[in-house]
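Throughout, residue positions are numbered sequentially from 1 according to the sequence presented.
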Amino acid sequence: MTGYQTQQRNLLISFFESHPDEAFTIDEVMQRLQNEQRADVPSRSTVYRTVADLEKEGSLKRSYLSKQRRSAYQYHDAHACASHLHIRCEKCHTLMHLDTKVSDTIARLLQNDADVSLDVGNTVLLGCCKKCREQD
């Protein structure tokens, strides 16, 4: 990862890397850092600024949570995720990685049926995970 390496930047990188299958709003990042850290937690403005920088660098991926009217950010390994689709639970924001064969099948069906070329590595489907369905 590029950019100026500050203690606060490294803390945020470490936080997102340790939660690779979850997406967090800025409020959730702040709350988790306060709960997980005994050291100084960065200010909200520092978190906003650093998250924006990490997104520009491609280390974080932003998605819009329409029901909450805010964005969520998630660690993004561009190389590992380039060949498959993802599904994000709209309730708990967990990101699930689809099998490459399933992703290829969906992309092929869209190409054949709708003449759409799908950007598999950058496509996130929305749904509800088994855990959240069982809680309802």
Test log, rule side-chain contact (heavy atoms from CB on, under 4.5 Å), inputs C92 and K131: CA-CA 9 Å; C92 69; K131 179 181 158 191; 5.9 Å; no

Out of curiosity, [X] [atom1] to [Y] [atom2], how far, rounded to the nearest 0.5 Å?
| X | Y | atom1 | atom2 | answer |
| --- | --- | --- | --- | --- |
| K101 | S83 | NZ | OG | 12.5 Å |
| S43 | M30 | OG | CE | 7.0 Å |
| F16 | L54 | CZ | CG | 7.5 Å |
| K91 | L126 | NZ | CG | 13.5 Å |
| Q7 | S14 | CD | OG | 11.5 Å |
| F24 | R32 | CZ | CZ | 4.0 Å |

ILVMFWY network linking [X] to [Y], side-chain heavy atoms under 4.5 angstrom:
| X | Y | result |
| --- | --- | --- |
| I106 | V116 | no |
| L110 | V120 | yes |
| V124 | V102 | no |
| V41 | Y73 | yes |
| I26 | Y75 | yes |

By the definition side-chain hydrogen bond (donor to acceptor under 3.5 Å, both in side chains), identify the one residue from Q74, H86, R88 that meets it with S63. R88

Grab the two heavy atoms, one from [X] and one from [Y], that are nearest each other, plus how far apart they are.
| X | Y | result |
| --- | --- | --- |
| S117 | Q111 | CA-OE1, 3.5 Å |
| I87 | G127 | CG2-N, 4.2 Å |
| K61 | G121 | NZ-O, 3.3 Å |
| A23 | A72 | CB-CB, 3.8 Å |
| H84 | L98 | CB-O, 3.1 Å |

With distance as the sole test, does T123 use its side chain to make a donor-acceptor pair with the main-chain N or O of L85 at under 3.5 Å?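 Checked: no pair found.
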
Is a donor on one side and an acceptor on the other found under 3.5 Å between the side chain of T50 and the backbone of V47? no

Do other residues, nucleotides or ligands put more than 12 heavy atoms under 6.0 Å from the CG atom of N112?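 Atom CG in N112 is packed in, count exceeds 12.
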
Give me the one residue out of V29, D27, N35 that meets side-chain contact (heavy atoms from CB on, under 4.5 Å) with Q31.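 Considering V29, D27, N35, a side-chain contact (heavy atoms from CB on, under 4.5 Å) with Q31 is found only for N35.
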
Apply side-chain contact (heavy atoms from CB on, under 4.5 Å) to L33 and L12, showing your working. CA-CA 9 Å; L33 287 175; L12 285 167; 3.7 Å; yes

Got a salt bridge between R70 and E28, using NZ or NE/NH1/NH2 to carboxylate O under 4.0 Å?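 A salt bridge is absent here (no side-chain N lies under 4.0 Å from a carboxylate O).
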
